[in-house]
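A short write-up of the structure that comes next.
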Amino acid sequence: MKNWFTQQKVTKCALALGLAIVTIGSTAASAADTTNKEMTLMLDWFVNPNHGPIVIAQERGLFNDQGLTIQIQEPADPSVPAKLVAAGKIDMAISYQTSLTTDVAAGLPLIRSATLIATPLNTLMTLDNGKIKTLADLKGKKIGIAIAGNEEATIGTMLQSQGVAFDDVKIINVGWALSSSLASGKVDAIWGGLRNFETNQLALEGYKAKAFFPEEHGVPSYDELVVVANKNSYDADALKKFNKAIELATQYIVNHPDQAWKEFVAYAPDTLNNELNRRAWQDTLPRFALRPSAIDPVRYDNFAQFMFKHKIISHAPKAQDYVPTL
């Protein structure tokens, strides 16, 4: 799964072209009230259980109940959605608090308009085979990552909490072969394995994973998935209605998880209805934000300061400038 280290620079030329996008599962115009406000929402990745509230809101007509027609799109390039919002080409995108902070610090006109998943999903993961019992046991070991970037800030902070220096481990870029690299013994741990996906993927392959959570080892907690909108042109009333729809969808999911699962996979049964997604669905349920509109400026400021301290960003933006009350 994509994580906050995968965000890549996009050329001005690519933005000018708007890039190719894939439109999926949109409510047909003929089925919606013609007076509805139409909005585009681009996901961060292909549809998966992390997007449960959005899919359920679409499937159950909750957006339509709020007077909205939401066109859901998957990105051809997962590094682009927030940048397309900043360029005024789409209305909303799913992003990450970590990526949003980086974008705002770089000057992109973005706001956080809602939270979809309110806890980190990233982990530092090992096999639960008795060899790595604590982070201290990683001294002298190999850690696999998907894309080189800011791992010294996160992995380094986690290791430091157990008295291990970042230089005491060897970082190996394994691309997207995180789970297989861990299972095969190519590396002793992986950074970027999500607690709701990679743990289940390994289990299905016969391996038990052990996860160390960054928020328990010195890294400030953050929202994994957020909705972003353009700071200069967002429609506050429409965003409030969108947030109400995903709040009701999340409420339904939590109250009726099994029925919600059936409705979720009906959205795209060929790709969603499998054992990995079924397990991930169960593990993602407690991560969904029950109050998508709720804000915690201190939490955002704390993480921005962490990123600034570790030189991930050149300055720490203030939450009041990009986390409005809606």
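When a residue number appears, it is its place in the shown sequence, counting from 1.
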Over 60° means perpendicular and under 30° means parallel, so tell me whether W45 and W176 are parallel, tilted or perpendicular.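 It falls in the tilted class, 30° to 60°.
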Do I70 and M92 pass the side chain to side chain contact (heavy atoms under 4.5 Å, CB included) test, and can you show the C-alpha distance, the side-chain angles, and the key distance before you say yes or no? CA-CA 10 Å; I70 304 298; M92 299 176 291; 4.2 Å; yes
Does any part of the side chain of [Y], heavy atoms only, come nearer than 4.5 Å to the side chain of [X], both counted from C-beta?
X    : Y    : answer
I246 : F63  : yes
L43  : I54  : yes
T123 : E198 : no
P214 : T154 : no
H310 : T157 : yes
T98  : T102 : no
N50  : N196 : yes
I155 : I143 : yes

For residues 255-264, which residue pairs pass the side-chain hydrogen bond (donor to acceptor under 3.5 Å, both in side chains) check, not counting sequence neighbours?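 Sorted pair list: R60-E263, Y252-E263, Q259-E263.
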Scan for side-chain hydrogen bond (donor to acceptor under 3.5 Å, both in side chains) pairs involving residues 313-326, sequence neighbours excluded, and state none if there are none.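 Of all non-adjacent pairs touching residues 313-326, none passes side-chain hydrogen bond (donor to acceptor under 3.5 Å, both in side chains).
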Same cluster or not: [X] versus [Y], using hydrophobic residues (I, L, V, M, F, W, Y) connected whenever any side-chain heavy atoms lie under 4.5 Å apart?
X    : Y    : answer
Y222 : M307 : yes
L116 : L62  : no
L248 : L239 : no

Quick check against the 3.5 Å criterion: does [X] have a side-chain atom that pairs as donor or acceptor with the backbone of [Y]?
X    : Y    : answer
E224 : L121 : yes
S181 : K186 : no
D44  : S95  : no
T126 : A189 : no
N64  : G61  : no
N230 : A86  : yes
W191 : N122 : no

Can you tell me if E216 has over 12 outside heavy atoms packed within less than 6.0 Å of its CD?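 Counting neighbours around CD of E216, more than 12 heavy atoms of other residues, nucleotides or ligands fall under 6.0 Å, so yes.
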Inspect the surroundings of OH in Y207 and state if more than 12 heavy atoms from other residues, nucleotides or ligands are less than 6.0 Å away.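 Open.
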Determine whether D188 and K131 satisfy the following criterion, side chain to side chain contact (heavy atoms under 4.5 Å, CB included), listing intermediate values before the conclusion. CA-CA 9 Å; D188 303 290; K131 294 181 179 180; over 6 Å; no
Do H217 and F213 have ring centroids that are under 6.0 Å from one another?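 Between H217 and F213, which both carry aromatic rings, the centre distance is not below 6.0 Å.
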For residues [X] and [Y], report the shortest heavy-atom separation together with the two atoms involved.
X    : Y    : answer
F306 : G218 : CE1-O, 4.5 Å
I313 : A304 : CD1-O, 3.6 Å
S293 : N243 : OG-ND2, 3.0 Å
A209 : T199 : CB-CG2, 4.1 Å
I253 : P53  : CD1-N, 3.7 Å
E59  : A266 : OE1-C, 4.1 Å

Let me confirm one number: the [atom1]-[atom2] distance from [X] to [Y], rounded to the nearest 0.5 Å.
X    : Y    : atom1 : atom2 : answer
S179 : I190 : OG    : CD1   : 5.0 Å
Q66  : N36  : CD    : CG    : 10.5 Å
H51  : E74  : NE2   : CD    : 8.5 Å
R195 : D283 : CZ    : CG    : 10.5 Å
F166 : E152 : CZ    : CD    : 5.0 Å
D103 : Y96  : CG    : OH    : 12.5 Å

Quick one: side chain to side chain donor-acceptor pair (under 3.5 Å) partners of T119, sequence neighbours excluded?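 Scan of T119 (side chain to side chain donor-acceptor pair (under 3.5 Å), adjacent residues dropped) gives R287.
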In the hydrophobic clustering (ILVMFWY, side-chain contacts below 4.5 Å, transitive), which residues join V254, or is it alone?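 For the cluster that includes V254, the remaining residues are L290.
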For K133, what residues pass the salt bridge (charged side-chain N to carboxylate O under 4.0 Å, His left out) criterion, not counting sequence neighbours?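 Counting only residues at least two positions away or on another chain, K133 forms no salt bridge (charged side-chain N to carboxylate O under 4.0 Å, His left out).
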Would you list the pairs meeting salt bridge (Lys or Arg N to Asp or Glu O under 4.0 Å) in which at least one residue belongs to residues 227-253, sequence neighbours left out?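 Salt bridge (Lys or Arg N to Asp or Glu O under 4.0 Å) check on residues 227-253 returns K37-D235, D237-K241.
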Evaluate the side chain to side chain contact (heavy atoms under 4.5 Å, CB included) criterion for residues T115 and Q97: first the C-alpha distance (whole Å), next the side-chain angles of each, then the deciding distance (0.1 Å), finally the verdict. CA-CA 9 Å; T115 294; Q97 179 186 336; over 6 Å; no
Exercise: do N277 and N48 side chains pair donor with acceptor under 3.5 Å: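 Note: N277 and N48 side chains miss the donor-acceptor criterion.
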Quick one: do the D223 and Y300 side chains pair a donor with an acceptor below 3.5 Å?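 Yes.
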Steps toward side chain to side chain contact (heavy atoms under 4.5 Å, CB included) verdict (T134, D137): CA-CA 6 Å; T134 72; D137 295 327; 3.7 Å; yes
Of the options M158, E151, K210, which is the one that meets L124 in a side chain to side chain contact (heavy atoms under 4.5 Å, CB included)?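 Output: one option passes, namely M158.
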